[in-house]
Amino acid sequence: MIVDKITGTDQLPSEAEHSISSQNWVEAPDVHVNFSIRHDGTSIYLYYQVEEPEIRAVNTEFNSPVWEDSCVEFFLAFGGEVGYYNFEINAIGTVLGAFGIDRNKRFHLADSLLMSIETSPSLKRKPIENKEGRTFWSMRLIIPVRVFHFSKIKNLSGMDAHANFYKCGDKLKHPHYLSWKPVLTSTPDFHLPRYFGQLYFL
């Protein structure tokens, strides 16, 4: 996927362009997710649009278990790096961020770094207990390059990377595990860079 470069936020798309539709491990035909991605050299801009039959968003602290909530995720590895970043954001904008070589050997990013990620949840920030009923929500994210602390990146332009984009909700009444690129394993596990797709930052 080509990640277009923008020179101003007026160039950001108003609609998400790519589908997170690979239904891994369980069927989730009522969950629909799309995303878009751009960059301006020093920040990544992500936009998710979600439609799902139930909502949960109770975690409010950095690096809390947001994957148990209605959650969108972005996993990213730069160039030939062995380690990769995972960013997980629930429907009210709570962020988890970490870096490591696999699901077990990970370092949570410091709160001071996670605070620099801008989140704009359409559902606002008040916790939501398990709420049934079809809901549409969106999430805008701005991730500055300083957050990629272990990679010492100054400018994204011209960089190769590998990534996957996810939607999950482990403690929903009907858990689901959607991805942009399919994850071909017998049990749920998003922490597998071999199933990431290629990105190129213009």
Side-chain angles (χ1 to χ4, degrees), residues 1-3 12-38 44-59 63-77 84-98 100 102-103 106 117 119-123 128-141 143 161-199:
M1 180 196 302
I2 300 295
V3 181
L12 291 172
S14 58
E15 293 292 327
E17 304 158 319
H18 308 284
S19 177
I20 298 175
S21 57
S22 292
Q23 300 186 30
N24 308 288
W25 308 298
V26 297
E27 293 297 315
D30 295 331
V31 181
H32 305 285
V33 191
N34 295 287
F35 74 96
S36 63
I37 180 170
R38 297 287 191 277
I44 293 174
Y45 296 81
L46 288 167
Y47 178 47
Y48 292 86
Q49 291 178 317
V50 181
E51 176 189 357
E52 58 184 328
E54 55 180 320
I55 288 284
R56 180 188 193 267
V58 300
N59 289 284
N63 290 323
S64 54
V66 294
W67 66 87
E68 297 175 347
D69 294 338
S70 297
C71 182
V72 291
E73 303 184 352
F74 174 49
F75 285 34
L76 176 70
Y84 63 94
Y85 297 86
N86 60 298
F87 299 99
E88 307 177 16
I89 307 94
N90 70 6
I92 58 172
T94 305
V95 180
L96 177 152
D102 59 32
R103 70 176 299 111
R106 309 203 63 66
I117 299 175
T119 64
S120 299
S122 65
L123 297 179
I128 302 170
E129 299 292 340
N130 290 71
K131 174 186 173 185
E132 295 193 34
R134 183 152 300 279
T135 302
F136 298 84
W137 60 275
S138 64
M139 178 66 62
R140 292 188 182 277
L141 298 164
I143 306 175
H162 288 82
N164 215 340
F165 302 80
Y166 305 112
K167 168 67 178 73
C168 64
D170 287 24
K171 285 196 173 180
L172 294 173
K173 184 178 179 181
H174 300 286
H176 53 263
Y177 312 91
L178 275 64
S179 64
W180 172 51
K181 296 297 184 182
V183 183
L184 306 177
T185 61
S186 59
T187 57
D189 189 354
F190 284 162
H191 289 265
L192 296 169
R194 66 181 179 272
Y195 295 115
F196 291 4
Q198 188 168 13
L199 300 184

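Predicted, not measured: the structure shown is a model, and the values here were computed from it.
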Might you point out which heavy atoms bring [X] and [Y] nearest each other, and give the distance in Å?
X: A91; Y: P121; result: O-CB, 3.4 Å
X: Q23; Y: P29; result: OE1-N, 3.6 Å
X: P53; Y: V31; result: CD-CG2, 4.0 Å
X: G97; Y: F87; result: CA-CD2, 4.2 Å
X: R56; Y: E68; result: NH1-O, 3.6 Å
X: T119; Y: G93; result: OG1-O, 3.4 Å

Find the distance between [atom1] ([X]) and [atom2] ([Y]) and round it off to the nearest 0.5 Å.
X: E73; Y: I20; atom1: CD; atom2: CD1; answer: 9.5 Å
X: I37; Y: L46; atom1: CD1; atom2: CG; answer: 5.0 Å
X: D69; Y: C168; atom1: CG; atom2: SG; answer: 9.0 Å
X: H191; Y: N164; atom1: NE2; atom2: CG; answer: 11.5 Å
X: L141; Y: I89; atom1: CG; atom2: CD1; answer: 4.5 Å
X: Y48; Y: F165; atom1: OH; atom2: CZ; answer: 6.0 Å

Is a side-chain N or O of [X] found less than 3.5 angstrom from the main chain of [Y], in a donor-acceptor match?
X: E17; Y: S36; answer: no
X: N59; Y: N90; answer: no
X: W25; Y: T185; answer: yes

Report task. Evaluate the side-chain contact (heavy atoms from CB on, under 4.5 Å) criterion for residues F136 and Q49: first the C-alpha distance (whole Å), next the side-chain angles of each, then the deciding distance (0.1 Å), finally the verdict. Result -> CA-CA 7 Å; F136 298 84; Q49 291 178 317; over 6 Å; no
Requested in this report: Walk me through it: do F74 and F35 pass the test ring pair (Phe, Tyr, Trp, His ring centres under 6.0 Å)?
Outcome: CA-CA 10 Å; F74 174 49; F35 74 96; 8.4 Å; no
Report task. Please state whether the rings of F190 and F75 are parallel, tilted or perpendicular, taking 30° and 60° as the class boundaries. Result -> perpendicular
With a 4.5 Å cut-off on side-chain heavy atoms, are [Y] and [X] touching?
X: N86; Y: L96; result: yes
X: Y47; Y: R38; result: no
X: I44; Y: L76; result: yes
X: V58; Y: E129; result: yes
X: S70; Y: V50; result: no

With a 3.5 Å cut-off and sequence neighbours excluded, list the donor-acceptor pairs that the side chains of residues 169-184 form with protein atoms.
unit_1	atom_1	unit_2	atom_2	d
H176	NE2	K167	NZ	2.8
S179	OG	N24	ND2	2.8
S179	OG	K181	O	2.6

Report task. Indicate whether any N or O donor in one side chain lies under 3.5 Å from an N or O acceptor in the other, for Y85 and R106. Result -> no
Query raised in the report: Going through the checks in order, is the side-chain contact (heavy atoms from CB on, under 4.5 Å) test met by E15 and N34?
Result: CA-CA 9 Å; E15 293 292 327; N34 295 287; over 6 Å; no
